[in-house]
Protein chains: 2
Amino acid sequence: MADPVAPVRRSSEVTKGVILAAARERFAADGYERATIRSIARDAEIDPSMVMRYFGNKEGLFVAASAFELRLPELGALPGKHIGAVLVSHFLDRWEQDEVLTALLRVGVTNAAGAERMQEILRQQIGPVAAGVCPYPEQAPQRALLVTTQILGMAMARYVLRIPAAVAMDRDEVVAWLAPTVQRYLTAERP
Amino acid sequence: MADPVAPVRRSSEVTKGVILAAARERFAADGYERATIRSIARDAEIDPSMVMRYFGNKEGLFVAASAFELRLPELGALPGKHIGAVLVSHFLDRWEQDEVLTALLRVGVTNAAGAERMQEILRQQIGPVAAGVCPYPEQAPQRALLVTTQILGMAMARYVLRIPAAVAMDRDEVVAWLAPTVQRYLTAERP
DNA sequence: ACTGTTGGTCAACGCTTGTTGGCAACGGTA
DNA sequence: TACCGTTGCCAACAAGCGTTGACCAACAGT
């Protein structure tokens, strides 16, 4: 006789983790609306109702999936002369380590909470650096924004739209080209 | 007696135009999946079935709404020294004149056709310029890509995510800051 | 005046979505 | 052993989606 398919019984924490991993993957690949609770549940090999039980609703699931520690290195203490290269390199790392930032970017385009969180992260990561090295402190927010646009644009091209020429560039090339731009946005006296 | 709500009867071309305008607005504001045929029809004050009649299906509607003449100025003939400023200025114009580019960007994140069209436009607009002024012709595609990332990033920040600091910058400031970056990507000997 | 075409509405279809509530089995504890 | 919270599945709901086909009224040409 075949077993009547006894369901696996894990700890709830483990299950939550599996769901979150699947959610991150789906959100990153499909964006907010096309990443359905059902598809995420299928990936996690669990019933959709469990997702609801643990995370309340879809928005709650997304918030949980995109909440993560930033663990940014001590950028403020780094030498100002290479801050551009360090920043670009840092963000390439973050984007390639896990899918959360890609998910955030894809979701942020259509979902307000995602957009908010994306901005918050960029502000927290770039803001202090700009405040530290910008020659005119009152210009720091604008300088930070400029840096943000360049980093955002490369991320869009490379990880979201996957423009072939952007994917083809290797890490060092990207850093070599973008670092001077970022450096100039942060430290130039004027445009 | 009140009239039994006699439906307005316009020419089909006019109606198509109204639908397309509503579609562009919705796609630009909501992205592909959240811009529903029903909501577009409601904006155009017409029955959803008319949208189907004229454009076949939702994908067809999007293609029609995002098909437009590029009418790029003769960039190739312009002085190479200011090509950066001209390019940035040109794209700011295009993005602010109508909503198609914003729609394309929002949709492109989740819809393959949108992503394809966005890339095609960027390639057509930036590619020839890069080929014209890049010191090493074989590097032209890479240089064009770099320009694309900077323009894409500013567009994301300013028109899609609407980051306050990006919206607050005025046109001339944006051009002043971005132009040297674009200029360098196009004409620098090496990073 | 008749007729075919055109611009328009209405009602429904099949499907998918987020979400809910009930029920079964397991496992620790008393 | 009897209990009870936990983990899980199942079936269903209401709402919204893209899409379809039947039908109606105004027009244009003869």
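Every chain is numbered from 1, with letters handed out A, B, ... down the list of sequences. All figures in this text were calculated on a predicted structure; none of them were measured in a lab.
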Derivation and outcome, salt bridge (Lys or Arg N to Asp or Glu O under 4.0 Å), residues Asp93(B) and Arg171(B): CA-CA 9 Å; Asp93(B) 283 346; Arg171(B) 240 193 82 101; 2.6 Å; yes
Arg123(B) and Gln119(B): CA distance, side-chain angles, deciding distance, side-chain hydrogen bond (donor to acceptor under 3.5 Å, both in side chains) verdict: CA-CA 6 Å; Arg123(B) 211 181 318 123; Gln119(B) 288 184 42; 4.7 Å; no
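Within residues 11-29 of chain B, no residue places a heavy atom under 4.0 Å from DNA chain D.
For the pair Met50(A) CE and dT6(D) C1', the computed distance is 9 Å after rounding to whole Å. Taking atom CZ of Arg53(B) as the reference point, atom P of dA22(D) lies 13 Å away to the nearest angstrom.
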Under 3.5 Å between N/O atoms: give me all the protein pairs with nucleotides 17-21 of chain D, atom names plus distance.
unit_1, atom_1, unit_2, atom_2, d
dG18(D), OP1, Ile37(B), N, 3.3
dG18(D), OP1, Lys58(B), NZ, 3.1
dG18(D), OP2, Ile37(B), N, 3.1
dG18(D), N7, Arg38(B), NH1, 2.4
dG18(D), O6, Arg38(B), NH1, 3.4
dG18(D), O6, Arg38(B), NH2, 3.3
dT19(D), OP2, Lys58(B), N, 2.9

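Looking at heavy-atom distances under 4.0 Å, Tyr54(A) makes contact with sugar-phosphate atoms alone, never a base.
Here the side chain of Arg143(A) pairs no donor or acceptor atom with the backbone of Val133(A) at under 3.5 angstrom. Panel note: side chain Lys16(A), backbone Phe55(A); no donor-acceptor pair is recorded below 3.5 Å. In this structure, the side chain of Arg10(A) does not engage the main chain of Thr15(A) through any donor-acceptor pair within 3.5 Å. One N or O on the side chain of Arg106(B) and one on the backbone of Val109(A) form a donor-acceptor pair closer than 3.5 Å.
A salt bridge links Asp43(B) and Arg26(B); the closest N-O separation between the charged side-chain nitrogens and carboxylate oxygens is under 4.0 Å.
OP1 or OP2 of dG8(C) has at least one side-chain nitrogen or oxygen of Arg10(B) nearer than 4.0 Å.
With no hydrogens or angles considered, a side-chain donor-acceptor pair links Glu96(B) and Tyr159(B) at under 3.5 Å.
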